[in-house]
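Input: a single structure, listed below in structure tokens.
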Amino acid sequence: MSAAGRSTLDSRLSGFFRSRWVDVPDGVEELDPAVLAPGFRAAGVACGLKGGGETDVGLVACDADEVRSAVLLTRNAAAAAPVRVCRDDCDAAAVRAAVVNSGNANAATGERGYADALAMQAAAAAEVGADRRAVAVAETGVIGVPLAIDDVLGGIERAAERLATDGGGSFAEAIMTTDRTPKACTVRAGGVTVSAQAKGAGMMQPGFATMLCFVQTDAEVAAPEAELRRAVAGSFERISVDGQMSTNDTVLLQATGGAGAALPDSVLDAVLLQLALEIVADGEGATRVGRVEVGEAADAAEADRVARAIANSQLVQTALYGRDPNWGRIAQAAGMALAGEELEELGPRAIDAAELGGEEAEAEIAIRLGRGTARAHMYFSDLNHEYVRINAEYTT
């Protein structure tokens with residue numbers, strides 16, 4: 001990354017909520033991101049999957065008497081073993097713990113891979129004293145490589161020994177792959193606490209969740225799945241780094257109700273949107289984040305289709321990197337998404353691309369289609385030489 005590109009990202013480092021696109025509710029207090037919401041402990045250790053002594057096994061556990069939860073998973077037809085375990089062998093409404101490894105996705109690994117994911121689930125359950133089906137499993141990393149399960153099981157045992165209320169930092173580091181920095185926060189509002197950890201930098205256009213995200217709260221959440229789906233719809237479902245849906249996307253929400261108060265409006269939305277934007281900003285090689293707003297579409301589906309076409313256009317992404325306010329590339333991508341439709345000629349009066357040429361780390365562009373009243377937006381990262389280098393050398 002160029003020095004100029006790095007400085008634009010560094011200039012935004014001021015607390016967790018640092019994007020202009022996140023509306024933070026009044027009264028939200030940012031706390032130490034290492035300290036989890038009351039009733040939860042976490043840890044991260046190294047088992048050797050990533051080499052170099054980097055942490056690669058994480059464990060988060062709930063100590064409260066009761067917990068409500070929700071798990072959202074990738075729709076990728078080639079879903080990894082841990083995703084299938086969460087679908088078929090996990091009580092998604094009562095998850096007490098989650099076990100995670102990074103460095104190996106355990107995807108396209110056949111019956112052995114599924115057995116390994118079940119072994120991780122069973123080991124974590126035994127360590128935290130939970131029913132096996134009350135443990136979620138998540139993995140991320142290289143696809144198609146058998147998991148060194150004995151090493152991972154040893155890591156789970158060590159992680160359980162180190163579980164701590166201030167283990168959020170080590171857990172966030174343990175789930176990283178090509179991420180440049182850990183992504184975590186803890187906030188308090190309305191008498192309740194929310195902590196969250198996420199990872200993701202490439203293979204990123206979720207249609208359901210993100211790469212990996214874990215959220216803990218002591219708030220009362222009557223309908224965790226509905227709450228999580230609503231918040232995810234405005235955050236992780238609105239981002240793209242490279243237009244690729246992962247085999248391992250997983251997002252977990254756990255709520256104990258210990259605070260005796262409901263989750264304040266928009267707090268979860270703000271937390272997940274900022275985490276989603278952190279993922280985009282940390283896109284492999286990324287130096288800038290773009291937001292495209294599509295207006296005057298015929299319907300919601302059309303608005304979404306055009307927004308995704310623009311966000312995933314390599315020509316638009318490289319223009320974002322090169323600070324080139326080339327509105328013609330936006331017109332081309334929109335027209336491609338509407339191939340076969342009647343569309344008035346798009347020009348500079350319908351397209352605002354000025355911020356592509358600016359120096360800010362966040363750039364907003366907009367297009368009006370003149371076909372109706374529907375709107376949609378997407379967040380995306382720029383594309384440059386570093387993305388090619390990282391992905392060309394990923395397994396070599």
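Only heavy atoms go into these numbers, but all of them, side chains included; no hydrogens, no water, no symmetry mates.
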Crowding at CG, D265 (>12 non-hydrogen neighbours, <6.0 Å)
no
Within this structure, what is the CG-CZ distance for the pair L277 and F17, rounded to the nearest 0.5 Å?
11.0 Å
Does atom CD of E29 have more than 12 heavy-atom neighbours, drawn from other residues, nucleotides or ligands, at distances under 6.0 Å?
yes
Would you tell me whether S195 and Q216 have side-chain atoms, one donor and one acceptor, within less than 3.5 Å of each other?
yes
NZ/NE/NH1/NH2 to OD/OE distance under 4.0 Å, R18 and E278:
yes
Cationic N near anionic O, under 4.0 Å, R371 to E296:
no
Where do T256 and E66 land on the side chain to side chain donor-acceptor pair (under 3.5 Å) test, with the steps shown first?
CA-CA 6 Å; T256 67; E66 295 184 6; over 6 Å; no
Check step by step if side chain to side chain donor-acceptor pair (under 3.5 Å) holds for S266 and D269.
CA-CA 5 Å; S266 302; D269 303 75; 4.7 Å; no
Give the ring-plane orientation class for W21 versus Y379, where under 30° counts as parallel, over 60° as perpendicular and anything between as tilted.
tilted
Run the side-chain contact (heavy atoms from CB on, under 4.5 Å) check on K199 and C213 step by step: do they pass?
CA-CA 7 Å; K199 67 82 55 185; C213 180; over 6 Å; no
Atom CD of E341 with >12 non-hydrogen neighbours under 6.0 angstrom:
yes
Would you find more than 12 non-hydrogen atoms of other residues, nucleotides or ligands less than 6.0 Å from D65 atom CG?
no
Any salt bridge between R291 and E364, counting N to O under 4.0 Å?
yes
Inspect the contact between R288 and D382 and indicate whether a charged nitrogen and a carboxylate oxygen are less than 4.0 angstrom apart.
no
Charged N to carboxylate O under 4.0 angstrom, R188 versus D218?
no
